[in-house]
Amino acid sequence: MIAHVQNLFQFRELIGMWAFREIRVRYKQSLLGAAWAILQPLAITLMFTFVFSQIARIETEQPYPIFSYTAMLPWTLFATSISFGVNSLINNMNLVTKTYFPREVLPLGVIGAALFDFLIASSIFVLLLIYYEIPVTIHFLWIPVFLIIQIFLMLGIILIGSAITVFYRDMRFVVPLGLQLWMYATPIIYPIKLVDEALSPTLRTLYALNPMVGIIQSYRNVILEGVPPNFSDLGLAAAVSITLFIVAYIIFKRLEVLFNDLI
């Protein structure tokens with residue numbers, strides 16, 4: 001595995017070029033261009049705010065718009081990366097079958113493009129922090145750690161998902177459904193305290209096996225509450241994410257030799 005990573009490092013410029021290509025293709029001949037990176041999480045946040053603060057009336061300690069957007073921003077990064085990344089091999093089958101390069105370059109390029117969208121969408125988040133007078137604390141320094149854990153998780157899912165898609169094209173239909181169900185199993189719409197009150201300690205531990213639980217709640221802890229993350233949930237998220245990445249990378253490299261024949 002170390003040899004594969006060292007080999008991949010030699011193609012770092014190709015990863016950057018592929019990420020740039022993904023950005024360019026995504027917004028080519030688009031009327032709003034990169035503004036879509038802002039509109040997607042913002043539109044969902046506005047809808048959630050109307051439904052869950054005016055109709056369903058979920059109680060949160062912070063104003064619901066920034067409560068929701070704090071979670072929607074990393075979730076959009078997660079969902080966008082997986083949606084595009086799982087299909088990255090079959091969508092570029094001509095390149096895969098004709099040119100040699102580490103195939104994981106394609107998923108990495110997709111994640112790079114999604115991170116670009118994440119940075120653009122963060123501009124609205126900065127405005128929300130100012131509007132709601134959320135103070136910037138030293139705990140904001142934890143955010144890069146959350147991002148690294150999330151990238152490991154996304155890579156693990158994309159590597160195993162893209163490899164399976166080569167064999168079974170049904171994955172193209174499974175991914176949107178899976179992401180939709182996953183979102184409701186993650187404290188994006190509702191606060192984590194509702195889960196703590198409703199579930200027994202055993203079920204709460206099982207719930208935390210969803211790595212996005214620890215990641216999303218950690219963002220809220222350091223940004224909205226100004227406190228360190230819950231190290232129990234975050235540690236579990238990191239362990240699951242890194243383990244998934246290692247297992248997925250091993251499986252991906254073992255199946256890589258079959259991609260040319262099947263695609």
Side-chain angles (χ1 to χ4, degrees), residues 19 23 34-46 48-49 52-53 58-82 108 111-156 182-183 186-196 207-208 210-242 245:
I23 297 169
W36 284 111
I38 297 175
L39 288 176
Q40 183 177 355
L42 182 60
I44 297 175
T45 296
L46 292 174
F48 283 170
T49 299
F52 296 107
S53 68
I58 294 178
E59 295 184 3
T60 58
E61 296 181 0
Q62 300 83 18
Y64 197 87
I66 194 167
F67 170 85
S68 178
Y69 199 80
T70 303
M72 279 308 306
L73 196 55
W75 176 261
T76 303
L77 168 64
F78 176 76
T80 301
S81 297
I82 293 175
L108 283 168
I111 292 178
L115 285 170
F116 173 79
D117 291 349
F118 178 81
L119 291 176
I120 294 177
S122 296
S123 60
I124 296 297
F125 186 65
V126 172
L127 295 178
L128 287 174
L129 289 177
I130 296 173
Y131 179 79
Y132 288 108
E133 299 180 348
I134 303 294
V136 177
T137 68
I138 193 172
H139 299 299
F140 274 56
L141 296 176
W142 279 101
I143 293 177
V145 177
F146 308 154
L147 271 176
I148 292 172
I149 295 173
Q150 188 172 345
I151 289 172
F152 274 114
L153 174 63
M154 295 186 302
L155 270 174
W182 199 332
M183 185 181 73
T186 304
I188 296 174
I189 299 172
Y190 50 87
I192 194 69
K193 67 177 183 180
L194 294 181
V195 178
D196 296 335
Y207 176 79
N210 169 8
M212 289 303 291
V213 170
I215 293 172
I216 293 294
Q217 189 54 34
S218 293
Y219 279 108
R220 284 196 175 127
N221 286 340
V222 303
I223 295 174
L224 300 182
E225 301 175 18
V227 298
N230 183 324
F231 292 108
S232 176
D233 286 348
L234 183 63
L236 188 57
V240 172
S241 299
I242 295 173
F245 165 72

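All residue numbers refer to positions in the sequence shown, counting from 1.
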State, to 0.1 Å, how close [X] and [Y] come at their nearest heavy-atom pair, and which atoms those are.
X    : Y    : value
A121 : Y69  : O-OH, 2.9 Å
T76  : P41  : OG1-CB, 3.6 Å
P191 : E59  : CG-O, 3.7 Å
L153 : S241 : CB-OG, 3.4 Å
P228 : N221 : O-CB, 3.8 Å

> Angle class for the F52/F48 ring planes (parallel below 30°, perpendicular above 60°, tilted otherwise)?
Replying inline: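 If you compare the ring of F52 with that of F48, the planes turn out perpendicular.
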Would you call the rings of W75 and W182 parallel, tilted or perpendicular, where under 30° means parallel and over 60° means perpendicular? perpendicular
* Asked: Does atom CG of L127 have more than 12 heavy-atom neighbours from other groups under 6.0 Å away?
  ->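 Atom CG in L127 is crowded, with more than 12 foreign heavy atoms closer than 6.0 Å.
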**Message:** Take a 6.0 Å sphere around CZ of F140 and say whether it holds more than 12 heavy atoms from other residues, nucleotides or ligands.
**Reply:** yes
Result for side chain to side chain contact (heavy atoms under 4.5 Å, CB included) between V145 and one of I143, I149, L147, L141 points to I149
For L234 and F146, run side chain to side chain contact (heavy atoms under 4.5 Å, CB included): C-alpha distance rounded to whole Å, both residues' side-chain angles, the deciding distance at 0.1 Å, then the answer. CA-CA 8 Å; L234 183 63; F146 308 154; 3.6 Å; yes
Measure the shortest side-chain to side-chain distance between [X] and [Y] over non-hydrogen atoms and say whether it is less than 4.5 angstrom.
X    : Y    : result
Y64  : I189 : yes
S218 : D233 : no
D117 : L77  : no
L115 : I151 : yes
V213 : P187 : yes
L194 : I58  : yes
I215 : F78  : no
I223 : I66  : no

Atom pair [atom1] ([X]) and [atom2] ([Y]), whose distance is rounded to the nearest 0.5 Å:
X    : Y    : atom1 : atom2 : answer
Y219 : T70  : OH    : OG1   : 11.0 Å
I134 : F125 : CD1   : CZ    : 8.0 Å
T45  : M72  : OG1   : CE    : 5.5 Å
F152 : L155 : CZ    : CG    : 8.0 Å
I124 : L42  : CD1   : CG    : 6.0 Å
I111 : I82  : CD1   : CD1   : 8.5 Å

- Query: Is there a donor-acceptor pair closer than 3.5 Å between any side-chain N or O of Q150 and the backbone N or O of P74?
  - Reply: yes
Q) Is a side-chain donor or acceptor of R220 paired with a backbone partner of F67 at a separation under 3.5 angstrom? A)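 Here the side-chain-to-backbone pair exists.
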Using side-chain hydrogen bond (donor to acceptor under 3.5 Å, both in side chains), reason through N210 and T186 one step at a time and then give a plain yes or no. CA-CA 8 Å; N210 169 8; T186 304; 3.0 Å; yes
Check against side chain to side chain contact (heavy atoms under 4.5 Å, CB included), T137 and V222 | CA-CA 8 Å; T137 68; V222 303; 5.9 Å; no
Please lay out, stage by stage, how Q62 and E225 fare under the test side chain to side chain contact (heavy atoms under 4.5 Å, CB included). CA-CA 9 Å; Q62 300 83 18; E225 301 175 18; 3.7 Å; yes
Kindly indicate, with the supporting measurements, whether the criterion side chain to side chain contact (heavy atoms under 4.5 Å, CB included) is fulfilled by I192 and Y207. CA-CA 11 Å; I192 194 69; Y207 176 79; 3.8 Å; yes
